Every structure is written in structure tokens, then in C-alpha cells.
Amino acid sequence: MRLNEAADLLGVHYQTAYAWVRSGQLPARKISRGYEVSEEAVRTLARQRAAGREPAGQIKVRDWDVQSGRLYDAIIDGHETQARRTLDRLAGHVSITDLCDRVIGPALRRIGAGWQAGTITIAQEHRASAICERLIAVHATVPAGRPRGIAVVATPPGERHGLPALMAAACLREHRWQVHHLASDLPAAEISALAAKVGADLVVLSTTSHDSAAVAEHVAASVRADVPGAHVLVGHPGQTLAGLIAQTEL
């Protein structure tokens, strides 16, 4: 059924139902003119609401830079509990995509810049990354409903920064992709072989430098040849996860 029909059955305004779709609380499939929702998903949400378990309301974050700054202050000093509290205040009210794009990503880029400038040690950078990995694992969600498809997320050979790939995997899962996350620094042949074995519809190659992105483009060409049914995307430095998700919905 269309989203407006689902909203009528749930007894809410269309914009409320749309907000639940965007947050992943009402699984829906993007179609040419809107969204399509399964009857099962509507019944499940109706039962939850009848039991008093309303979907968490979205909040409007006034200043994302402030939130990212709080996270940076926590992870640069290794204060994991403080970092967890910063994200806990937002989780459930904003998407994991926004958490990664607007809070975690900017904080990590500041740390990377500090490392390049020599003001932050490698140990501090690794500690901050490890904290963020654990926080993403806590807040990543997999909404109910039929998966959109099967995705493989990896990095090309030589790319050892695995956190962006982890964030991509979390955001794809939030949008109901069944994800096989292969972490970092994989040979092209291994990526192709796994993608073919699982019947991947989508392959995402994450990179953190222009050199790595150039390698990834060659790997992407190889994967396209080996797995002709898969849509292969290369994540370049500076691109957002929201942009990645948009490309999967084309």
C-alpha cells in the first residue's frame, strides 16, 4: 500500500508516517512517486502503538557542530562514558546516518587533522576510532521488514581505515539492506568472489584518500566484470553517507 494509505490506517498525518519511514521505524520501499509500505509492517507498528510503544519522536538538532564538538572532546581524551552519553541523547531521535555524517564523522576528521599536524598521537587516534566503533555497534539498528537487497561493503587493497566502511554498513542496514561487511584491505578477487557467492545486489568500496579512491575505481571495474548483476559504488573522500544512501535508491 502507499504511504498515505498506511498513515490513514495508523490514524496519523502523512508527515508523521513519512518521519517514521525516514527514521527507519516504518519499513518502506521507495517507488517512482512516493513510498510503498507492506501490510505486515503497518500491522506491526499498529500493535506496538496499541501496546503503548510509540515510535520515538524525531528532534530538530539546532547545532550539529556543538554535538560533534562534545563527542570530539570526549574521544580525544578517551572518555568513552562521556562519548556514549553524547550519542545516547540523540540516538532514537535521529538516524544513524545523521549521527555518522554530522557527529561522528566531523569529530574523527578533526582528530585526523590533528594527527597530520603532529598534535595528536597515533595511539590517541586509534583509541578514538575504537571508541567510535563500539558506539556505532550500540546504536546501529536493523528495522523489521523485507530487506531491500544484499550488499557487500569493503575497502580496496591498501586501504586500512575501516571505520568509514563500518559506518557505511550501519547506514545501509538502517535502510534495510542485508549487509556483508568485509572490513578493510581486501584483494579485488576476494571482494568479487564473496559478492558472487552471496548474490550481492550492491557492492560499496570505502576509501579515505584520493590514492585509495583511484585503486578502488580499478577494483570496481573488476567487480562489475566478475559480478555483472551488482551495482558497484566507490565512496570518495568528502562524500556523505546520506549521498551513498541516495545513490542506492536511484
Side-chain angles (χ1 to χ4, degrees), residues 96-97 99-102 104-118 120-133 136-137 140 148-175 177-250:
I96 190 68
T97 303
L99 284 179
C100 290
D101 270 345
R102 301 189 181 196
I104 300 173
L108 290 174
R109 284 193 290 274
R110 283 183 63 185
I111 288 176
W115 172 76
Q116 289 182 329
I120 293 175
T121 68
I122 295 176
Q124 286 177 300
E125 189 270 340
H126 282 217
R127 179 179 64 188
S129 295
I131 291 173
C132 289
E133 287 177 0
I136 291 168
R148 292 175 181 269
I150 299 172
V152 171
V153 179
T155 73
E159 175 59 79
R160 297 184 178 180
H161 291 86
L163 190 50
L166 174 64
M167 290 193 285
C171 293
L172 287 169
R173 288 187 177 115
E174 179 180 57
H175 285 77
W177 284 89
Q178 180 183 332
V179 180
H180 297 266
H181 176 214
L182 308 185
S184 58
D185 195 13
L186 255 71
E190 291 293 329
I191 298 173
S192 291
L194 194 285
K197 183 175 182 179
V198 301
D201 303 292
L202 173 69
V203 177
V204 175
L205 302 173
S206 172
T207 68
T208 59
S209 70
H210 295 296
D211 289 342
S212 181
V215 174
E217 292 292 354
H218 289 291
V219 173
S222 177
V223 174
R224 291 186 186 106
D226 294 337
V227 193
H231 182 37
V232 185
L233 298 174
V234 175
H236 291 259
Q239 290 182 330
T240 65
L241 292 162
L244 166 68
I245 297 301
Q247 290 185 73
T248 68
E249 296 181 346
L250 295 176

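Position 1 is the first residue of the sequence, and the numbers go up from there. If you're wondering where the values come from, they're calculated on a predicted model, not measured in any experiment.
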**Study point:** Close side-chain approach of L163 and L108, heavy atoms under 4.5 Å
**Key:** yes
Revision key, fill the gap. One should read off an interatomic distance between R127 CZ and T121 OG1, to the nearest 0.5 angstrom, of 7.5 Å
Revision key, fill the gap. When every non-hydrogen atom of P164 is compared with those of S206, the smallest separation belongs to CB-OG, 3.4 Å
Point to revise | Distance (rounded to the nearest 0.5 Å) between R173 CZ and R148 CZ | key: 15.5 Å
Listing, residues 188-198 side-chain donor-acceptor contacts under 3.5 Å, not counting sequence neighbours, or none:
unit_1	atom_1	unit_2	atom_2	d
S192	OG	A188	O	3.4
S192	OG	D226	OD2	3.1

Check your understanding: Can you name the closest pair of heavy atoms from V203 and A230 and give their distance?
Key -> CG2-CB, 4.2 Å
Review point. Distance-only, no hydrogens or angles: does the Q178 side chain make a donor-acceptor pair with backbone N or O of H180 under 3.5 Å?
Key: no
Practice item. For the residue pair E174 and T97, confirm or rule out a side-chain donor-acceptor distance under 3.5 Å. Key: yes
Review point. At their closest point, which heavy atom of P156 faces which heavy atom of V215, and how far apart are they?
Key: CB-CG1, 4.0 Å
Review point. Where is the tightest heavy-atom contact between T207 and A216, given as atom of each residue plus distance?
Key: CG2-CB, 3.6 Å
Revision key, fill the gap. Side chain to side chain contact (heavy atoms under 4.5 Å, CB included) with C100: of L241, T240, L166, only one passes, and it is L241
Check your understanding: Can you find a heavy atom in the side chain of I111 that is under 4.5 Å from one in the side chain of Q124?
Key -> no
Exercise for review: Kindly compute the distance separating CG (L244) from CE (M167), expressed to the nearest 0.5 Å.
Suggested key: 11.5 Å
Review point. How far does CZ of R160 sit from OG1 of T208, to the nearest 0.5 angstrom?
Key: 12.0 Å
Check your understanding: With side chains defined as the heavy atoms from C-beta onward, is the minimum distance between L205 and L233 less than 4.5 Å?
Key -> no
Review point. Does the D185 side chain pair with the main chain of P157, one donor and one acceptor, at a distance under 3.5 Å?
Key: no
Check your understanding: Measuring from Q116:CD to E125:CD, what's the distance to the nearest 0.5 Å?
Key -> 10.0 Å
Review point. To the nearest 0.5 Å, what is the distance between NE2 (H231) and CG (L202)?
Key: 6.5 Å
Exercise for review: Over all heavy atoms of both residues, which pair between V234 and A213 is shortest? Give the atoms and the distance, please.
Suggested key: CG1-O, 4.3 Å
Review point. Between C171 and I245, what is the shortest heavy-atom contact and its length?
Key: O-CD1, 3.8 Å
Review point. With a 4.5 Å heavy-atom cut-off, do V152 and V223 have their side chains touching?
Key: no
